[in-house]
Structure formats: C-alpha cells, structure tokens
Amino acid sequence: MGSPACGFLKQNNVIFLQFFVILVWSCIPDRTNICSNHSFDTPTIPFPPHLGSSTIRSSLKTLTLDGYFAFHNLEHAANDFGNIFHYLPTAVLHPKSVSDISSTIKHIMDMDSATKLTVAARGRGHSLQGQAQAYEGVVINMESLEGPSTYVETGEVPFVDVSGGELWINILHETLKYGLSPKSWTDYLHLTVGGTLSNAGISGQAFRHGPQINNVYQLEVVTGRGEVITCSDKKNADLFYGVLGGLGQFGIITRARISLGPAKKMVKWIRVLYSEFSTFSNDQEHLISSNNSFDYIEGFVIINRTGLLNSWRSSFNPKNPIQASQFSSDGKILYCLEMVKYYNPEKIDGLNQDIEEWLSELNYIPSTLFLSEVSYVEFLDRVRMSEIKLRSKGLWEVPHPWLNLLIPKSRILDFAREVFGKIVKDNNNGPILIYPFNKAKWNNRTSMVTPEEDIIYLVAFLPSAPPLSTGTDGLEHIMTQNKRILDFCTKARLGAKQYLPHYRTQDEWRAHFGTHWETFAQRKSAYDPFAILAPGQRIFQKAVSIP
C-alpha cells in the first residue's frame with residue numbers, strides 16, 4: 001500500500017488501499033539513543049526531566065515563519081487512517097515555505113538538550129500505526145506547504161516537478177493536460193507524494209514499472225539537521241536512495257521530480273475467478289513475465305461470499321450471462337484475477353483480438369469472465385467513490401488493523417495453504433489482496449527491503465473494525481488474527497517482510513532490515529543524528545541529556 005499505498009475493491013464498498021547496524025558507527029552520548037532496544041508501544045515513554053510544554057510553545061513562537069504554528073485543537077494530528085494509535089502533539093506547523101520546515105528543525109536541534117521534542121511530517125494521515133504522529137512533538141502539515149507550482153516537462157524525458165505535499169490525484173489531472181501521467185500508482189490517489197515515496201508506492205502496475213520509488217529522478221529534502229538538500233542518483237545519491245522507502249527517517253520530502261509516460265484515455269477492465277490457488281498464482285506469474293500483455297494485474301481472495309457475480313453486474317458485464325447466472329460462490333474460497341489494459345479509442349483495432357489471445361492462455365473458470373470499459377481517470381480514481389459511500393455511512397473513521405506482507409514466490413503456496421485455508425478461512429471482514437511483481441523492476445539501492453527472490457507477492461489484509469464490536473469483526477479479534485499470521489510466517493521461516501512495517505523494538509527492526517540494517521543506521525547517524533524525525537515509526541528513540 002506501499003503508502004502509504006495497497007489496493008482497493010470497489011464493489012465491496014470497503015476502502016483498501018493499497019514502506020541500521022548491529023551497532024551504529026557511533027551513538028551520540030546523552031543526546032540520541034539510536035542503539036536502544038526500547039519498546040515504543042505507549043506514549044508514556046520514560047524520559048528524564050525535560051522542558052515543559054509551555055516553555056516549548058514559547059520557544060517555538062520566537063521563530064519567524066512564512067506559515068504559522070497551531071497550539072490548540074490538535075486532536076486531528078493525533079489521528080490517522082489506522083485509528084488505533086492516538087498521540088497528541090505539542091504543536092502543528094502549517095508551513096508556507098521549505099524554510100519554515102528547515103528553521104523549525106534547526107531550532108529544535110538548538111534547543112536545550114533536555115527536550116524530547118521530535119518532528120513528524122503528515123500528509124493525508126493515511127498511516128496505520130501512528131507513523132505520522134509525534135507524541136508531545138511537532139507535526140508538520142505538509143499540505144500547507146507552498147512553493148513553485150507543478151511543472152510538467154514534455155521533452156524527450158518527460159517528468160513532473162511537484163511539492164511533497166501534493167496529492168497524486170492532482171498530479172494525474174495536471175499531467176493529463178499534456179497527454180502524460182506517472183507510470184506507477186497506488187490504488188488510492190488521495191495521498192501525498194512525500195507519504196507514498198517514504199514507503200514505496202505499490203499497485204497493480206508495479207510488475208511492469210516497479211513501485212513509485214523507482215520512478216523518481218530527483219528530490220528536495222529537509223534532513224534531520226535542518227539542511228535543505230537536492231539529491232538524485234548522481235548528486236547526493238546516498239541521501240536520495242535513503243529517503244526513498246526510508247520511512248521518513250532521514251529527511252522530509254519537500255519536492256519530487258517524477259517520471260512520466262504517455263497516458264491513455266480508456267481502460268478495458270477484466271475480472272475472472274479461480275477455485276484453485278495454484279492455478280490462480282501460475283496465471284498471475286505467467287502474465288507478469290510477458291512483455292506484451294496487460295498494464296495492471298492484481299488479485300484478491302474471496303471468502304464466504306454469496307452472490308458474488310451478481311454484485312459485479314453493477315459495473316461489469318458477463319461474457320456469458322447464462323453461464324454466469326448459474327455459477328455459485330457460496331461457501332467457497334475463490335481467487336479473483338483482475339486485469340486492465342489501457343488504450344486510446346482511435347487505436348482500438350486489434351486490441352480486442354490481443355486480449356482474447358492473452359485470455360486464452362489462462363485457466364480461469366470460463367463462466368466467471370466479466371468485462372467493463374471505463375475512462376483512464378475513472379479507473380485510477382476508482383476508490384474515491386467507495387470512500388464517499390463509507391463516509392456517508394459513518395464507516396470511514398473506524399479502526400483499520402491492516403496487515404501488508406511481502407512473500408517470496410517459493411513459499412506462497414505454503415502461505416496460502418495455512419493462512420487462507422486455516423487462519424482466515426471464516427474471515428469476511430474486508431478485502432484480501434494478493435498479486436506478484438518482479439524484483440528485477442525494483443532498485444535495490446533504496447531503503448525499501450523485500451524478500452530475496454526474483455518474484456514476490458504482496459498480500460494485504462484490509463479489514464475494518466466497527467467500534468465497540470467484540471465479535472470476529474472486532475479490533476481485538478482481528479489483531480489476534482494478524483498475530484497468528486505473523487507467527488506462522490516466523491515459525492515457517494517463509495522469508496516474509498512487512499510492507500508499511502510496524503515493530504515494537506529495535507531488535508525487530510534489525511531483523512526486518514537484515515543485511516541492510518547497517519546502511520540504514522549509518523544513514524540515520526549522518527542525516528538525523530538526534531533522532532528528531534518520524535518518531536511514530538518507533539525505529540530510533542531520541543535520547544535526552546539529564547540536566
């Protein structure tokens with residue numbers, strides 16, 4: 001997701017979206033405890049005596065800014081889409097310039113060493129585990145950031161320059177004016193650029209173009225030292241690759257140059273069903289290995305759904321209506337393969353024939369072939385309608401105990417057999433996405449870590465927990481189920497990695513990054529030596545000196 005950033009299922013009316021050394025070179029005495037194995041689960045982190053909130057507020061008020069600080073009514077900054085963790089900050093910065101962010105971070109660095117003040121960049125607040133929160137710290141509202149307007153370069157190597165607080169949906173509309181669009185997306189576009197690039201940005205295009213972090217030419221970053229640095233693969237490359245997928249640990253993305261490609265106007269959108277997981281996964285892997293096939297490939301697991309195909313008919317048409325009406329999904333675990341081909345109406349000749357040929361190579365249940373044609377924008381922004389419906393029913397701002405995993409191809413059958421066949425076999429709390437992508441499309445220099453295989457599956461469990469529920473759809477039950485899944489992955493030694501990871505201790509983070517931990521921790525020491533940035537990730541704890 002990625003994200004955020006995962007997938008979403010429109011017909012279900014459920015939103016789904018869709019990113020360190022054994023010892024660091026040096027732990028900075030009395031200031032930054034980046035070697036600690038402390039657990040970060042509660043906001044009542046034990047600190048030595050520190051500056052009081054009123055003193056901190058008074059100090060922040062001395063800053064000369066283009067924007068402003070807010071010190072009251074900050075509850076929104078203690079919430080996120082996950083709606084599980086709620087850490088109230090001391091202040092929210094509404095920056096109007098990059099210098100506002102830089103000045104704030106430098107000021108915090110220069111404050112008395114007894115302060116535990118930290119900084120979190122917040123876009124749309126779509127984090128799941130409080131990652132964009134800063135307990136008694138400063139939250140930066142990135143959507144307030146102003147600067148040069150969005151610039152689209154249409155030359156031989158097209159790109160778009162955008163603010164880190166810009167939404168992907170706005171980038172889509174702006175670039176389409178030039179017949180262009182970004183190549184890689186998340187399934188939900190109402191997220192900020194900085195937010196998704198700090199994780200990875202994964203969707204059904206990742207098998208062809210890689211994640212969003214693989215489609216960036218240049219970044220402007222404010223580091224944990226308050227320095228404003230422009231970086232790319234040729235200039236300040238260590239920071240560039242560190243920030244991409246870096247979970248906000250090394251800098252705040254204030255501007256990004258994103259690769260563009262030709263945009264199409266229309267989409268052919270296809271869904272088919274499978275009753276056997278191995279057949280389903282084989283067909284997915286076949287499609288992503290082809291140079292000439294669909295532009296988007298995702299899949300999802302369907303458990304205990306009645307009248308599934310009837311629900312599709314509101315947006316899709318069955319290839320064979322009679323056969324489709326005779327298909328029963330009751331009581332079965334089914335697997336849906338979703339495929340999309342982008343096209344321009346004036347170049348439709350031959351496309352339908354190509355699609356027929358690609359479909360003939362697959363082994364889906366024939367009676368379950370459903371098709372739809374929508375505009376390119378409608379497809380990419382398909383989740384927005386689900387959000388609107390959920391908000392109207394008061395079902396948007398509920399806990400979302402999501403779990404996103406990356407599973408190596410060699411163990412995906414073991415995973416499916418245990419998890420889909422046993423752990424969640426009676427679950428119907430939300431969508432379960434599953435689709436593969438090619439590791440060759442990922443740049444291994446970024447901070448994002450994946451299993452060490454050529455083909456990797458994203459598996460995303462995307463439930464919603466109604467408030468006050470104590471049943472199987474309740475928060476406690478879902479989180480227990482998530483733990484069972486994680487425990488199985490560990491005991492079975494699947495080599496899985498969390499996407500949008502969440503851990504309690506630094507030992508767990510070391511295990512997550514594996515051989516990449518040393519590089520990650522060295523970058524932290526270089527670019528954010530006082531552990532000011534992104535405290536909500538719970539990777540490094542800011543230490544303070546005792547007066």
Side-chain angles (χ1 to χ4, degrees), residues 20-21 24-36 50-51 56 59-60 62-67 69 89-91 93 95 97-122 131-132 134 137-140 142 145 147 163-165 194 197-198 218-232 235-256 446-447 518-537 539-545:
F20 309 56
V21 283
V24 183
W25 272 355
S26 61
C27 290
I28 304 199
D30 299 323
R31 292 286 300 215
T32 309
N33 185 11
I34 59 178
C35 293
S36 171
H50 58 275
L51 294 179
I56 290 173
S59 179
L60 294 175
T62 65
L63 281 170
T64 301
L65 303 172
D66 297 312
F69 280 107
T90 293
L93 172 64
S97 64
V98 174
S99 66
D100 285 353
I101 299 174
S102 173
S103 297
T104 298
I105 294 175
K106 287 180 178 178
H107 182 77
I108 292 172
M109 285 186 65
D110 292 338
M111 289 176 70
D112 190 298
S113 61
T115 180
K116 62 180 182 180
L117 205 60
T118 55
V119 174
R122 174 189 171 93
Q131 289 94 334
V138 174
V139 170
I140 300 177
M142 294 301 294
L145 182 62
S163 166
L197 296 184
S198 294
Q218 182 176 288
L219 297 172
E220 179 186 74
V221 175
V222 181
T223 71
R225 296 178 180 272
E227 300 168 318
V228 181
I229 299 176
T230 299
C231 53
S232 66
K235 179 181 180 182
N236 300 310
D238 184 66
L239 178 62
F240 177 72
Y241 287 115
V243 168
L244 293 171
L247 307 177
Q249 292 301 302
F250 316 119
I252 296 172
I253 297 172
T254 53
R255 199 154 185 86
T446 70
S447 291
E518 181 175 354
T519 298
F520 197 89
Q522 289 171 358
R523 284 170 171 166
K524 184 68 172 181
S525 182
Y527 301 114
D528 184 25
F530 302 104
I532 290 173
L533 300 178
Q537 296 286 359
I539 304 175
F540 301 104
Q541 177 187 350
K542 182 180 182 182
V544 293
S545 62

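On a predicted model such as this, the values are computed, not experimentally measured, just so you know. Side-chain atoms are counted along with the backbone in the values below, which use heavy atoms only and exclude waters and symmetry mates.
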**Student:** Could you tell me the separation between the CD1 atom of I101 and the OG1 atom of T254, rounded to the nearest 0.5 Å?
**Tutor:** 6.0 Å
**Student:** S102 side chain to G226 main-chain N or O, any donor-acceptor pair under 3.5 Å?
**Tutor:** yes
**Student:** CG of L197 to CD1 of I253: how many Å apart, nearest 0.5 Å?
**Tutor:** 5.0 Å
**Student:** Measure from the side-chain N and O atoms of R225 to the backbone N and O of P529, and report whether any donor-acceptor pair falls under 3.5 Å.
**Tutor:** no
**Student:** Can you measure from CG (L244) to CG (L219) and round to the nearest 0.5 angstrom?
**Tutor:** 5.0 Å
**Student:** Any side-chain heavy atom of I56 sitting closer than 4.5 Å to one from V138?
**Tutor:** no
**Student:** If only atom types and distance count, is the side chain of H107 paired as donor or acceptor with the main-chain N or O of T62 below 3.5 Å?
**Tutor:** no
**Student:** After noting the C-alpha distance and the side-chain angles of I140 and L145, does the key distance pass the side-chain contact (heavy atoms from CB on, under 4.5 Å) rule?
**Tutor:** CA-CA 9 Å; I140 300 177; L145 182 62; over 6 Å; no
**Student:** Indicate the atoms forming the closest heavy-atom contact of A132 with A121, along with that distance.
**Tutor:** CB-O, 3.8 Å
**Student:** About how many Å separate CE of M109 and CD1 of I532, when rounded to the nearest 0.5 Å?
**Tutor:** 5.5 Å
**Student:** Nearest 0.5 angstrom please: M142 CE to I252 CD1, how far?
**Tutor:** 6.0 Å
**Student:** List in chain and number order the residues that pass salt bridge (Lys or Arg N to Asp or Glu O under 4.0 Å) with D66, two or more places apart in sequence or in another chain; answer none if no residue qualifies.
**Tutor:** none
**Student:** Rounded to the nearest 0.5 Å, how far does CZ of F540 lie from OG1 of T118?
**Tutor:** 14.5 Å
**Student:** Could you check whether any side-chain N or O of S447 sits under 3.5 Å from a backbone N or O of G242, counting only pairs where one atom can act as donor and the other as acceptor?
**Tutor:** yes
**Student:** Would you say S103's side chain and S99's backbone share a donor-acceptor pair under 3.5 angstrom?
**Tutor:** yes
**Student:** Write down the atom of M111, the atom of L117, and the distance for their closest heavy-atom approach.
**Tutor:** SD-CD2, 4.0 Å
**Student:** Given 3.5 Å as the limit, does a donor-acceptor pair link the side chain of K524 with the main chain of Q249, or not?
**Tutor:** yes
**Student:** If every non-hydrogen atom of G251 is compared with every non-hydrogen atom of V221, which pair is closest and at what distance?
**Tutor:** CA-CG1, 3.5 Å
**Student:** If you define the side chain from C-beta out and look only at heavy atoms, does anything of Y527 sit under 4.5 Å from V243?
**Tutor:** no
**Student:** What verdict does the side-chain contact (heavy atoms from CB on, under 4.5 Å) test give for L93 and L65, after you've listed the backbone C-alpha separation in whole Å, the side-chain angles of each residue and the deciding distance to 0.1 Å?
**Tutor:** CA-CA 10 Å; L93 172 64; L65 303 172; 3.8 Å; yes
**Student:** State, with a plain yes or no, whether a side-chain heavy atom of F69 is found less than 4.5 Å away from one of T104.
**Tutor:** yes
**Student:** Side chain of D238, backbone of R523: donor and acceptor closer than 3.5 Å?
**Tutor:** no
